[in-house]
Amino acid sequence: MEKDLFSNLGAEVNIIPMDAHETDDSIISENIPEIMPVLALRNATLFPHCIYPVVIGREKSLALIQDAEKHHLLFASITQKDYAVEDPGMEDLAEYGSLTRVVKTITMPDDTVTAILQSVGRVRLNSIVGHEPYLTGHITVVDDKMADNSDTKIQAIADSIKEKAMHIMRQNSMSGKENISALKSIEDFNFLVNFLSTTIDLDNNAAKIELISIGDMKKRGMKLLSLLQIQAN
């Protein structure tokens, strides 16, 4: 079945202010606490240096987002293994996720809250240490092995990823030409892989959990390409 890579992106993405795309160096250079809030994500996985809208439904999640926005807190966004679990614990969460900040929140006409989140790095969740008023965990910031954009093999993988992604988008009536143009304009391999890993629409969380666990960007890109090949069939 053909799927829209951007089908789970809301219109709210278009109103993110330009300063939401500022570099993350100043954030990462801060003293990152080992204990921080943990946001359990049901149907999303946020990859480093990407911005993504998430609908906030649970009371604990809303309390976390409100505190993070008010006090400019960093937190860990971790995908649930099973989206149906209502009150997840350590055993229900992936091992790896994203170091995240709130760019802004939007209250929708139906009173639901959408949080625009920005990932500023990748983290490992070592343990859950608290459950109220929301989850808190012991985390470690982990570095990814960046791919060399000048490497001809990396360029070839990037071209294949774009080709497969654009094929999927052209087959979906909801994908506009602007999305294809935006994809074509991405020159950095590392951002390309993380952007598509964040926005690709999959049937379950397992594949994205596997992607976020891969610390070598070339290997993450190869895994993403294999997923795109499956999606295109």
Side-chain angles (χ1 to χ4, degrees), residues 8 24 27-28 30-52 54-58 60-61 63-65 68 73-102 115 117-147 190-228 230:
N8 51 356
D24 304 319
I27 298 173
I28 294 297
E30 294 176 0
N31 184 24
I32 306 299
E34 292 185 351
I35 305 298
M36 64 171 55
V38 175
L39 177 67
L41 299 176
R42 290 184 189 268
N43 292 311
T45 304
L46 188 60
F47 285 74
H49 313 298
C50 292
I51 294 177
Y52 198 72
V54 174
V55 177
I56 306 300
R58 290 178 284 210
K60 285 185 178 181
S61 297
L64 187 161
I65 292 298
L73 299 177
L74 291 173
F75 56 95
S77 295
I78 309 290
T79 304
Q80 291 184 209
K81 298 175 184 177
D82 181 354
Y83 71 88
V85 175
E86 185 59 33
D87 191 18
M90 181 66 187
E91 67 279 5
D92 304 304
L93 299 174
E95 183 178 1
Y96 292 91
S98 276
L99 183 65
T100 311
R101 68 177 183 129
V102 177
L117 305 181
Q118 181 186 30
S119 168
V120 297
R122 195 166 65 100
V123 297
R124 179 179 180 179
L125 177 63
N126 302 310
S127 62
I128 293 295
V129 299
H131 291 81
E132 298 296 338
Y134 39 72
L135 293 178
T136 53
H138 180 275
I139 67 99
T140 303
V141 177
V142 291
D143 294 326
D144 289 337
K145 180 182 178 182
M146 295 292 104
N190 302 289
F191 179 72
L192 173 69
V193 171
N194 285 336
F195 172 72
L196 287 175
S197 295
T198 297
T199 56
I200 187 174
D201 188 16
L202 299 175
D203 291 332
N204 58 67
N205 292 335
K208 288 202 174 187
I209 288 174
E210 182 178 358
L211 279 172
I212 195 68
S213 71
I214 300 171
D216 184 309
M217 288 303 302
K218 181 180 179 180
K219 292 180 180 179
R220 189 183 299 170
M222 291 296 295
K223 178 61 180 179
L224 172 64
L225 180 57
S226 69
L227 293 172
L228 291 174
I230 294 171

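Residue numbers count from 1 along this sequence. Below, each value reflects all heavy atoms present in this structure, side chains not excepted, and no hydrogens, waters or symmetry copies.
Under the 4.0 Å criterion applied to side-chain N and carboxylate O atoms, Lys81 and Glu91 are not assigned as salt-bridge partners. Ion pairing between a basic and an acidic side chain is recognised when a charged N comes within 4.0 Å of a carboxylate O; Lys60 and Asp87 show such pairing.
In this structure, Thr45 and Leu211 have side chains that are not in contact, with every pair of non-hydrogen atoms separated by 4.5 Å or more. A heavy-atom distance below 4.5 Å is found between the side chains of Glu86 and Arg58. Put simply, the side chain of Tyr52 reaches to within 4.5 Å of the side chain of Val54, judged on heavy atoms. Side chains of Val123 and Val142 form no contact here, defined as non-hydrogen atoms less than 4.5 Å apart. When side chains are defined from C-beta on, Val38 does not count as touching Phe75, because their heavy atoms never get closer than 4.5 Å. Residues Leu224 and Leu196 form a side-chain contact, since some pair of their non-hydrogen atoms from C-beta on lies under 4.5 Å apart. For the pair Lys218 and Val193, the minimum side-chain heavy-atom distance is 4.5 Å or more.
Annotation: ring-ring contact (aromatic ring centres under 6.0 Å, His included) contacts of Phe191 (sequence neighbours excluded): Phe195. Evaluation of the side chain to side chain donor-acceptor pair (under 3.5 Å) rule for Arg220 yields Asp144, Asn194 as partners, not counting sequence neighbours. Here Ser77 pairs with Thr100 under the side chain to side chain donor-acceptor pair (under 3.5 Å) rule; sequence neighbours left out.
Atoms CG and CD1, from Leu93 and Ile128 in turn, are 5.5 Å apart once rounded to the nearest 0.5 Å. One distance of note links CD1 of Ile139 with CD1 of Ile78; it measures 8.5 Å at 0.5 Å rounding. Rounding to the nearest 0.5 Å places CG of Leu64 at 5.5 Å from CG of Leu39. Note that CZ of Phe47 and OG of Ser119 are 9.5 Å apart. Values are rounded to the nearest 0.5 Å.
Between Ile212 and Arg122, the shortest heavy-atom distance links the atoms O-NH1, 2.9 Å. A pairwise comparison of heavy atoms in Leu135 and Pro88 identifies CD1-O, 3.7 Å as the closest pair. Heavy-atom minimum distance, Leu41 versus Leu46: CD1-N, 4.4 Å. Counting all heavy atoms, side chain and backbone alike, Thr79 lies closest to Ala44 at OG1-O, 2.9 Å. Scanning both residues, Leu125 and Ala94, for their nearest heavy atoms gives CD2-O, 4.1 Å. Of all heavy-atom pairs spanning Asp216 and Lys145, the tightest one is OD2-CD, 3.5 Å.
Counting non-hydrogen atoms of neighbouring residues, nucleotides and ligands closer than 6.0 angstrom, the CE atom of Met222 reaches no more than 12 such neighbours. More than 12 heavy atoms of other residues, nucleotides or ligands lie within 6.0 Å of CD in Glu95, so this atom counts as buried by the packing criterion.
The closest donor-acceptor contact from the side chain of Asn205 to the backbone of Arg42 lies under 3.5 Å. With hydrogens and angles disregarded, a donor-acceptor distance shorter than 3.5 Å links the side chain of Gln80 to the backbone of Asp82.
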request  = Report the C-alpha separation of Ile200 and Leu228 in whole Å, then their side-chain angles, then the decisive distance to 0.1 Å, and conclude whether the side-chain contact (heavy atoms from CB on, under 4.5 Å) test is met.
outcome  = CA-CA 9 Å; Ile200 187 174; Leu228 291 174; 3.6 Å; yes
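Using modelled atom types and a 3.5 Å distance limit, the side chains of Gln118 and Arg101 yield a donor-acceptor pair. Side-chain contact check for Asn126 and Thr140: at least one donor-acceptor pair (N or O, by modelled atom type) lies under 3.5 Å.
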